[in-house]
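Comments concern the structure below.
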Amino acid sequence: MDNFGIAVHGGAGTLSAVEMTPQEEIIYRKALETATMAGYNVLVKGGSSVEAVEAAVMALENEPLFNAGRGAVYTNSGKHEMDSCIMDGNTLKAGAITGINNVKNPVSLARTIMEQSEYVFLSGKGAEDFAHKMGLAFEPDEYFHTELRHGQWLAVKDTEEVLLDHKKVTKFGTVGAVALDVHGNIAAATSTGGMTNKRYGRIGDSPIVGAGTYAKNNTCGISCTGHGEYFIRAVVAHNISCLMEYKGLSLKEACNKVVMEDLVKMGGEGGLIAIDSQGNMELVFNSEGMYRGWKKNGEELQTGIY
Ligand code: ASP
């Protein structure tokens with residue numbers, strides 16, 4: 001099939017339009033283009049949607065601008081605790097991890113769990129042990145240090161505040177990708193450092209199958225970003241798939257209902273990227289902006305922020 005394509009996001013917590021300088025905008029757009037093309041280049045060669053979303057998310061994890069992998073935010077104890085999930089819409093297999101440190105590309109660990117273990121969801125030290133055993137790349141703490149994220153944490157570390165808002169903050173900087181490949185298979189992946197100053201082992205929606213990430217060939221692939229607690233309670237990604245499967249809603253109708261009606265009513269800020277089996281894409285958010293990029297076969301590469 002020739003309606004293949006990929007969409008990526010770099011989080012629903014953009015710098016506000018008035019704070020974003022033209023230079024910063026160019027840097028963000030370039031990073032989104034690089035990630036979109038990392039995934040698209042896999043698809044164009046006939047590679048799988050799983051491979052494509054992994055490649056796109058790895059590019060975003062390696063980019064310190066975004067709250068995932070290298071640019072992950074700090075927890076209350078001054079550490080990084082990263083979460084990720086990947087799902088294959090063809091087999092409904094999934095792999096996920098939460099609360100891991102020092103693994104260079106959490107999305108690759110999620111994929112390794114999906115494809116090479118008998119489990120779906122691993123956490124903390126156990127997940128890191130599995131990553132070591134499978135030969136995944138590790139990096140020291142310094143690799144994950146960015147002045148921006150460190151400064152955000154220092155500003156709130158002695159408070160109860162979990163950073164939702166901040167001057168010059170990329171709140172909700174999670175990354176993700178959804179893709180449809182030439183074989184008609186859909187995949188989705190999400191990766192995040194979570195929220196600045198989180199404590200008590202807090203887990204957001206990103207690594208939870210059906211909340212922040214979901215893929216099913218006959219409906220859609222979804223990757224979310226936003227205030228995770230609300231996305232968990234609204235079971236956002238699976239809910240959209242169900243609205244399509246059981247109520248016959250289009251991708252657009254289902255995404256708009258969940259993001260612009262249900263989440264708004266609950267007070268849940270954020271957005272998501274979605275793709276269906278026809279290659280239709282939705283990049284929808286109820287926040288001020290969402291870093292995003294997308295490319296369909298035969299169409300221009302596009303990026304957006306607001
Ligand atoms: N959804 C993520 C979480 O709650 C945060 C984000 O999207 O930036 O952990």
Side-chain angles (χ1 to χ4, degrees), residues 7-15 28 31-32 35 57 60-61 63-76 79-86 96-100 106-107 110 121 123 146 148-149 152-153 156 161-166 168-178 188-214 222-240 258-259 263 266-274 283-292 305:
V8 309
H9 71 78
T14 57
L15 296 181
Y28 276 100
L32 292 164
V57 169
L60 294 162
E61 287 176 340
E63 170 54 67
L65 287 175
F66 302 109
N67 171 20
R70 188 158 201 184
V73 297
Y74 282 82
T75 66
N76 179 255
K79 295 201 163 73
H80 298 100
E81 288 175 3
M82 299 179 286
D83 301 337
S84 182
C85 180
I86 192 165
I97 32 121
T98 184
I100 57 156
V107 71
F121 202 176
S123 69
T146 55
L148 172 72
R149 302 302 182 191
Q152 289 170 353
W153 169 63
V156 292
E161 198 180 350
V162 177
L163 209 57
L164 297 177
D165 205 353
H166 193 277
K168 279 258 166 195
V169 166
T170 48
K171 59 173 177 174
F172 316 139
T174 295
V175 309
V178 293
T190 312
S191 182
T192 188
M195 287 176 140
T196 297
N197 211 33
K198 64 183 181 181
R199 60 181 91 192
Y200 312 126
R202 180 264 186 193
I203 304 168
D205 60 311
S206 310
I208 300 178
V209 172
T213 311
Y214 193 71
I222 308 271
S223 171
C224 301
T225 170
H227 195 157
E229 280 67 14
Y230 293 89
F231 281 69
I232 295 172
R233 288 163 50 208
V235 203
V236 168
H238 188 243
N239 203 359
I240 290 171
V258 173
V259 177
L263 278 173
M266 295 167 76
E269 191 183 350
L272 56 83
I273 53 173
L283 301 97
V284 49
F285 49 97
N286 62 36
S287 44
E288 183 182 353
M290 179 173 79
Y291 294 114
R292 58 201 187 279
I305 300 178

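Note that ligands are numbered from 1 as they come in the structure, with each ligand's atoms numbered from 1 the same way. Throughout, residue positions are numbered sequentially from 1 according to the sequence presented.
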- When you look for heavy atoms under 4.0 Å from ligand 1, do you find them on the side chain of Cys224, its backbone, both, or neither? neither

- Query: Got a donor-acceptor contact below 3.5 angstrom from the Asn76 side chain to the Lys198 backbone?
  - Reply: no

- Task: Give yes if a backbone or side-chain nitrogen or oxygen of Arg202 is under 3.5 Å from a nitrogen or oxygen of ligand 1, and no if not.
- Result: yes

- Message: If the cut-off is 4.0 Å to any non-hydrogen atom of Thr225, which atoms of ligand 1 fall inside it?
- Response: 6 (C), 7 (O), 8 (O)

- Task: Report yes if some N/O of Thr192 lies less than 3.5 Å from some N/O of ligand 1; otherwise report no.
- Result: no

- Message: If the cut-off is 4.0 Å to any non-hydrogen atom of Asp205, which atoms of ligand 1 fall inside it?
- Response: 1 (N), 2 (C), 3 (C), 4 (O)

- Message: Taking a cutoff of less than 4.0 Å between a non-hydrogen atom of the residue and any ligand atom, is Gly226 in contact with ligand 1?
- Response: yes

- Query: Can you check whether Thr213's main-chain N or O pairs, donor with acceptor, with Thr190's side chain at less than 3.5 Å?
  - Reply: no

- Task: Check step by step if side-chain hydrogen bond (donor to acceptor under 3.5 Å, both in side chains) holds for Ser191 and Glu61.
- Result: CA-CA 8 Å; Ser191 182; Glu61 287 176 340; 2.6 Å; yes

- Contact check: Glu229 vs ligand 1, nitrogen or oxygen atoms, below 3.5 angstrom: no

- Test of proximity, Gly228 against ligand 1: N or O pairs below 3.5 Å: yes

- Query: Donor-acceptor pair, Asn286 side chain versus Leu263 backbone, under 3.5 Å?
  - Reply: no

- Residue pair Thr98, Asp83: steps toward the side-chain hydrogen bond (donor to acceptor under 3.5 Å, both in side chains) verdict: CA-CA 4 Å; Thr98 184; Asp83 301 337; 2.8 Å; yes

- Task: Report the distance from atom CE of Met195 to atom CZ of Arg202, rounding to the nearest 0.5 Å.
- Result: 5.5 Å

- Task: Name the orientation class of the two ring planes belonging to Phe66 and Tyr291 (parallel below 30°, tilted from 30 to 60°, perpendicular beyond 60°).
- Result: perpendicular

- Message: Quick check on Gly212 - does any of its heavy atoms sit under 4.0 Å from an atom of ligand 1?
- Response: no

- Task: Give the atoms of ligand 1, by number and element, whose distance to some non-hydrogen atom of Ser206 is under 4.0 Å.
- Result: 1 (N), 2 (C)

